[in-house]
Amino acid sequence: MNSLKRITPTGLLILWAITRLWAFGSGMSVLPYPLSQYLFSDVQLYDWWSSNIADGHFPINDPMWQYPPLAAVVFFLGYLVAPNTIGFVALALVADAVLMIALIRACRNRLEDDFTPALIWLAAPVVMGPIMLGRFDVFPTLAMVLGLLATSTPARAGIWYAIGTLLKVWPALGLLTISRKHVLPAFTAFITTFAAGSLLLKIWWPGSFSFIQGQKSRGLQIESVGALPYMWWNATSHVVRTEFRFGAIEVAARSTGLVSLVMTLVMVLSMARIVMWRIQGRLETAMAGDVALLVVLVAMITSRVLSPQYNLWIFGILAVCALNPSQRFATKVKLFFVSAFAGQILYPFAYVSYQEGEVLPTIVQTIRIVALISLTWISWKEISDVAKRQDQIQQEASVVA
């Protein structure tokens, strides 16, 4: 491991090229990878949307469309570069490379030879699979990482978080990484960028925010945390019906609405607690990456959808966390790698058998979820301890005063 830490930037870029060539070749079925035809299957849908957009027809009322409007610009640009998957994957590789270079620069700015942050990002396709290039998530992850790397310049961070939010809503959680003294410039930049971007996109596409209604109608995806009890019931000689809705396989059983409501309430209460810590000034000494890791993990485990490509979000955030690693950082990385690798096994290898109720893939999914929840708990405990220490400092200061 120490030898890996001493790798040079040139060596990192060579390894990046090798791993990405493998991911690209696997996704294009040029290199051997089981069920590789499913890795880049969503890009065919992106191309179809883009061809319609080129003719002036936007995906309004399309149940498969689950993205904020700036995503349509990315899909369309990929289509203009080259249709039939190549263009989008090429753009994804560019975003991937920019993120890698940003991490290498951040490492070098610390005047150290430890390139662990870049190594974590380098490992993404190997651990989670080539699917990282066949889905959209590299683009909002890039915006989130650039925002986290710019927290010392809050206005710039706010701009990147706004761009990420226009790509895929979750980067808005990055605002919770901003300290109280920097709230005004960060929020001003965020709101200004988001409003200006929304206006331009609205002019281009009048129904650009129609995806919000579709998000409200989504059910419990079979890979989500809340669906695991149903899938175990399905794996023990019982029958749990599933159906394809909104681009995902969802559980169609009793009480899924209640389970979804409980998950949402847990998310709201957890986020409210973190917001209060931030408002009270109890997170001022917490690292931005650690706060981002916690809020995104909470959002993931309480979401009705938990697709394997979401792991890319955590790869990016963990890479930033490695710049100022916490005491239990190594444990967190190990837990996440276990969860992400289990996700690669599940999709595409065992997805159909998981849906059909076979025991082995259900065990794999259980490992994936348990590791992710354990990571979330450790992250929560770390941030909670920071809040407690800050509270003690404030109390001692008030006594002295």
Side-chain angles (χ1 to χ4, degrees), residues 4-21 23-24 70 74 77 89-128 132-133 135-168 170-175 177-178 182 186 189-190 193 287-293 296 309-325 329 333 336:
L4 282 176
K5 287 184 178 181
R6 289 194 294 269
I7 194 170
T8 65
T10 302
L12 282 168
L13 292 175
I14 291 172
L15 288 174
W16 177 88
I18 292 171
T19 55
R20 273 49 181 185
L21 181 62
F24 177 78
L70 191 56
V74 175
L77 287 175
V89 176
L91 283 186
L93 281 168
V94 170
D96 178 15
V98 170
L99 201 157
M100 185 69 175
I101 293 170
L103 289 171
I104 291 174
R105 288 186 62 185
C107 293
R108 298 195 73 172
N109 287 341
R110 298 168 65 207
L111 301 177
E112 297 178 14
D113 293 327
D114 186 353
F115 288 97
T116 300
L119 283 168
I120 289 174
W121 182 253
L122 177 71
V126 178
V127 178
M128 68 175 287
M132 81 166 276
L133 295 179
R135 297 296 188 271
F136 178 67
D137 298 84
V138 66
F139 298 99
T141 302
L142 172 61
M144 183 67 163
V145 168
L146 292 177
L148 289 172
L149 293 177
T151 49
S152 59
T153 311
R156 187 184 304 170
I159 291 172
W160 281 118
Y161 292 150
I163 293 172
T165 304
L166 288 168
L167 287 166
K168 201 166 186 177
W170 67 268
L173 295 171
L175 289 171
T177 68
I178 304 296
H182 293 146
F190 178 90
T193 304
M287 294 294 104
D290 292 334
V291 176
L293 181 64
V296 174
Q309 62 266 25
Y310 293 1
N311 288 323
L312 202 58
W313 312 351
I314 306 301
F315 271 105
I317 297 172
L318 267 181
V320 176
C321 291
L323 290 167
N324 295 284
F329 179 73
V333 171
F336 176 65

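Side-chain atoms are counted along with the backbone in the values below, which use heavy atoms only and exclude waters and symmetry mates.
The two residues Pro117 and Ala319 come nearest to each other via the heavy atoms CB-O, 3.0 Å. When all heavy atoms are compared, the tightest approach of Ala322 to Phe329 is CB-CZ, 3.5 Å. Shortest non-hydrogen contact noted between Gly164 and Pro140 is O-CB, 4.3 Å. The two atoms that bring Ala288 and Leu148 nearest to each other are O-CD2, 3.9 Å, heavy atoms only. The heavy-atom pair separating Ile317 from Gly289 by the smallest distance is CG2-O, 3.5 Å.
Among residue pairs with one or both ends in residues 146-167, those qualifying as side chain to side chain donor-acceptor pair (under 3.5 Å) are Tyr161-Thr177; sequence neighbours excluded. Residue pairs meeting the ring pair (Phe, Tyr, Trp, His ring centres under 6.0 Å) criterion with at least one member in residues 138-157, sequence neighbours excluded: Phe88-Phe139, Phe136-Phe139. Residues in residues 138-149 take part in no salt bridge (charged side-chain N to carboxylate O under 4.0 Å, His left out) pair, two or more places apart or across chains. Sorted by first and then second residue, the side chain to side chain donor-acceptor pair (under 3.5 Å) pairs with a member in residues 137-149 read Asp137-Lys168, Asp137-Trp313; sequence neighbours excluded.
Proximity of Met144 to Val296: side-chain heavy atoms (C-beta onward) are separated by under 4.5 Å at one or more points. For the pair Cys107 and Leu323, the minimum side-chain heavy-atom distance is below 4.5 Å. Looking only at side-chain heavy atoms (C-beta outward), Met132 and Asp96 come within less than 4.5 Å of each other. The shortest side-chain heavy-atom distance between Leu93 and Leu133 falls under the 4.5 Å cut-off. Counting only heavy atoms from C-beta outward, the side chains of Phe115 and Leu122 never approach each other to under 4.5 Å. Between Leu12 and Leu103, every side-chain heavy-atom pair lies at or beyond the 4.5 Å cut-off. You'll find the side chain of Cys321 stays beyond 4.5 Å of the side chain of Met287, heavy atoms only.
With rounding to the nearest 0.5 angstrom, the CZ atom of Phe190 is 10.5 Å from the CD1 atom of Ile163. To the nearest 0.5 Å, atoms CH2 (Trp16) and CG (Leu99) are separated by 11.0 Å.
Partners of Trp170 according to the side-chain hydrogen bond (donor to acceptor under 3.5 Å, both in side chains) rule, which considers only residues two or more places apart in sequence or in another chain, do not exist here. Every residue two or more places apart in sequence or in another chain that forms a side chain to side chain contact (heavy atoms under 4.5 Å, CB included) with Ile14 is listed here: Thr10, Ile18.
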Would you sort out whether Leu167 and Leu142 count as a side-chain contact (heavy atoms from CB on, under 4.5 Å), showing the intermediate values?
CA-CA 11 Å; Leu167 287 166; Leu142 172 61; over 6 Å; no
Would Asn324 and Asp290 satisfy side-chain contact (heavy atoms from CB on, under 4.5 Å), going step by step from the backbone distance to the final call?
CA-CA 9 Å; Asn324 295 284; Asp290 292 334; over 6 Å; no
Given side-chain contact (heavy atoms from CB on, under 4.5 Å), test Leu312 with Arg135 step by step and report yes or no.
CA-CA 10 Å; Leu312 202 58; Arg135 297 296 188 271; over 6 Å; no
Report the C-alpha separation of Val333 and Thr116 in whole Å, then their side-chain angles, then the decisive distance to 0.1 Å, and conclude whether the side-chain contact (heavy atoms from CB on, under 4.5 Å) test is met.
CA-CA 11 Å; Val333 171; Thr116 300; over 6 Å; no
